[in-house]
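The first residue of the sequence shown is numbered 1, and numbering continues consecutively from there. Counting starts at 1 for both ligands and their atoms, in listed order.
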Amino acid sequence: MLAQLGGRLPLKVFSYTICAWGGAWIVYYAFQECRRTFALRSRQRRFPLPRRTAENDAAWFGQANAQERKNIVGRFSPLKFLGRYLNVTPEWREQGLWEWMWWKVVHALIWNDGFGFDGGFSADTKTEEGRKRIETLLPVEPVDMAKLFGAPPEGSTYTWLGQSTCLIRMHGVTILTDPVFGTQPVKSFLSPVRMRPMPCTFLDLVRDGVLDIILVSHNHFDHLDLSIIPHVPRTTKWVVSRGMSTLLRKCGVPMENITELAWWEEAQLECTVAHDDTSVTRVVHITGLPASHWSARTLLDTNKSLWSSYAVRVNDQSAALPRASLFFCGDSGYSPDLFRSIGRMYGPFHLATIPIGSYEPRWHLSLQHMDPLGSVSVAEDIGAAQSFGMHWGTWCMSDERWDAPPADLALALAQKKLPCSYVKTVPLGQIQHVPLGA
Ligand SMILES: *[C@@H]1O[C@H](CO)[C@@H](O)[C@H](O)[C@H]1NC(C)=O
Ligand SMILES: *[C@@H]1O[C@H](CO)[C@@H](O)[C@H](O)[C@H]1NC(C)=O
């Protein structure tokens with residue numbers, strides 16, 4: 001009996017379990033793919049997208065009429081299968097866990113000389129030339145909080161803190177995007193380590209400034225660091241993708257402080273901005289927008305919450321200030337139909353923050369992460385006056401070298417005959433003044 005338990009039986013149980021598990025997944029994926037394919041086909045028939053033509057070219061951005069709005073929203077509204085969200089861009093194909101395992105195990109062993117590839121960063125820290133390249137491409141400046149928060153409550157600034165963590169001020173309203181402040185996305189020897197020190201800590205930020213809004217695109221560990229929660233002031237509002245409040249509430253954020261947005265849903269918040277002993281009221285409009293990605297925090301919650309980009313507008317109550325409009329691009333593959341539609345609905349933007357890293361190998365990652373050519377296309381599609389590249393130079397999680405994103409970005413801009421300042425990479429922590437649109 002004991003021998004049996006210790007020998008044959010567990011093996012049998014184990015192999016049956018694996019087969020049942022694998023089989024169940026294949027059936028699940030097959031049904032999910034059917035659901036997605038049929039839904040997208042029917043949407044394609046029912047909701048034709050507006051096209052940019054010679055007639056509407058001059059009045060393209062932000063000029064969608066009622067019918068076009070209905071079609072765009074219909075085409076790209078959230079889609080669910082058994083309680084989990086799905087992508088709705090035509091480019092998506094099912095990848096499954098096996099494709100990821102092939103990449104991370106087989107592909108990594110053959111093409112990347114094993115696991116733990118760090119984009120060649122640590123090798124560069126060991127040579128004089130490498131260190132010089134790091135200082136040129138990824139300099140770090142401590143954030144000048146007095147300068148940032150002492151500025152008058154008109155105009156806008158952008159400060160990159162690493163990955164997709166950006167500190168954006170528009171007409172005095174402070175927005176922090178996808179907050180991550182740890183050395184690693186997850187505390188584990190398997191998890192990558194930050195290439196460069198952060199230009200400020202979260203405590204510096206809340207001690208010296210006012211944080212009005214924390215905007216979160218999705219729940220992946222490199223976009224949301226829950227350890228900041230105890231230090232977030234009660235006056236800060238969280239704006240997150242649909243389904244994420246469960247996690248935040250578990251970590252102690254009161255429901256009142258959370259606004260959840262599904263794609264195309266809009267929230268209007270009022271923020272009081274203090275300046276020189278007086279205070280003014282600002283109205284902030286935030287719209288959740290689709291992205292081509294996925295979500296997961298644990299093995300069991302895959303896709304239970306949504307992944308998004310956001311359009312944010314800030315003005316005073318009588319809309320008398322110059323137009324301040326931000327596009328915060330979450331993690332996403334490039335989809336011309338989607339981003340052109342966003343431009344038609346909400347463009348133009350005076351400021352866009354767009355991911356430019358984590359894109360190799362393309363056969364696996366092109367669906368979930370755009371490459372710099374895609375990032376430049378996004379900037380054009382949405383009508384961004386000034387864009388900044390983010391989501392690079394922080395953690396190596398893909399197969400390109402750590403310094404490839406800015407080089408590929410320069411190539412993409414040259415290829416499209418655009419000025420090299422059209423999509424910029426900037427030093428960590430350096431405050432960028434961004435001119436507002438008319
Ligand atoms: C999560 O969503 C992606 C995108 O639609 C899909 O390919 C994947 O199979 C989904 N995973 C699960 C477990 O539902
Ligand atoms: C956050 O919640 C607390 C208590 O639940 C409330 O007093 C505070 O006004 C809320 N803050 C925001 C910005 O909603």
Identify the closest protein heavy atom to [atom]: which residue and atom is it, and at what distance?
{"atom": "atom 3 (C) of ligand 2", "answer": "N257 ND2, 3.7 Å"}
{"atom": "atom 4 (C) of ligand 1", "answer": "N87 ND2, 3.1 Å"}
{"atom": "atom 7 (O) of ligand 2", "answer": "E256 OE1, 4.7 Å"}
{"atom": "atom 6 (C) of ligand 1", "answer": "E94 OE1, 3.5 Å"}
{"atom": "atom 12 (C) of ligand 1", "answer": "N303 ND2, 3.4 Å"}

Side-chain H-bond candidate by donor/acceptor type, [X] with [Y], under 3.5 Å:
{"X": "H171", "Y": "E154", "value": "no"}
{"X": "Q386", "Y": "H350", "value": "no"}
{"X": "T89", "Y": "S335", "value": "no"}
{"X": "Y359", "Y": "D408", "value": "yes"}

Output the list of atoms in ligand 2 that are nearer than 4.0 Å to some heavy atom of R234, sorted by atom number.
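It comes down to these atoms of ligand 2: 1 (C), 3 (C), 4 (C), 8 (C), 10 (C), 11 (N), 12 (C), 13 (C).
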
Taking 4.0 angstrom as the limit and counting only heavy atoms of K237, give me the atoms of ligand 2 inside it, by number and element.
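Every atom of ligand 2 under 4.0 Å from some heavy atom of K237: 14 (O).
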
Taking 4.0 angstrom as the limit and counting only heavy atoms of [X], give me the atoms of ligand 1 inside it, by number and element.
{"X": "W25", "answer": "13 (C)"}
{"X": "Y29", "answer": "9 (O)"}
{"X": "R84", "answer": "14 (O)"}
{"X": "T302", "answer": "11 (N), 12 (C), 13 (C)"}
{"X": "Y28", "answer": "14 (O)"}

Would you call the rings of F349 and F327 parallel, tilted or perpendicular if under 30° counts as parallel and over 60° as perpendicular?
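Taking F327 first and then F349, their aromatic rings sit tilted (interplane angle of 30° to 60°).
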
In terms of ring plane angle, is the pair F388 and Y158 parallel, tilted or perpendicular, where the classes change at 30° and 60°?
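Parallel.
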
Nitrogen or oxygen atoms of H293 and ligand 1 under 3.5 Å apart:
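No; the residue has no nitrogen or oxygen that sits under 3.5 Å from a nitrogen or oxygen of the ligand.
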
Using distance alone, decide if ligand 1 has a nitrogen or oxygen within less than 3.5 Å of any nitrogen or oxygen in Q95.
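Between Q95 and ligand 1 (N or O atoms, distance only) the closest approach is not under 3.5 Å.
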
Proximity to ligand 1 by part of Q32, non-hydrogen separation under 4.0 Å
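Under 4.0 Å from ligand 1, Q32 contributes side-chain atoms alone.
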
Cationic tip of [X] within the cone over [Y]'s six-membered ring, i.e. under 6.0 Å and within 45° of the normal?
{"X": "R401", "Y": "F117", "value": "no"}
{"X": "K80", "Y": "Y85", "value": "yes"}
{"X": "R344", "Y": "F61", "value": "no"}

Just verifying a value: how many Å separate Y310 OH and L215 CG, rounded to the nearest 0.5 Å?
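Those atoms lie 5.5 Å apart.
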
Looking at non-hydrogen atoms alone, which of I213, T235, D212 comes nearest to atom 13 (C) of ligand 2?
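When every heavy atom of I213, T235, D212 is considered, T235 comes closest to atom 13 (C) of ligand 2.
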
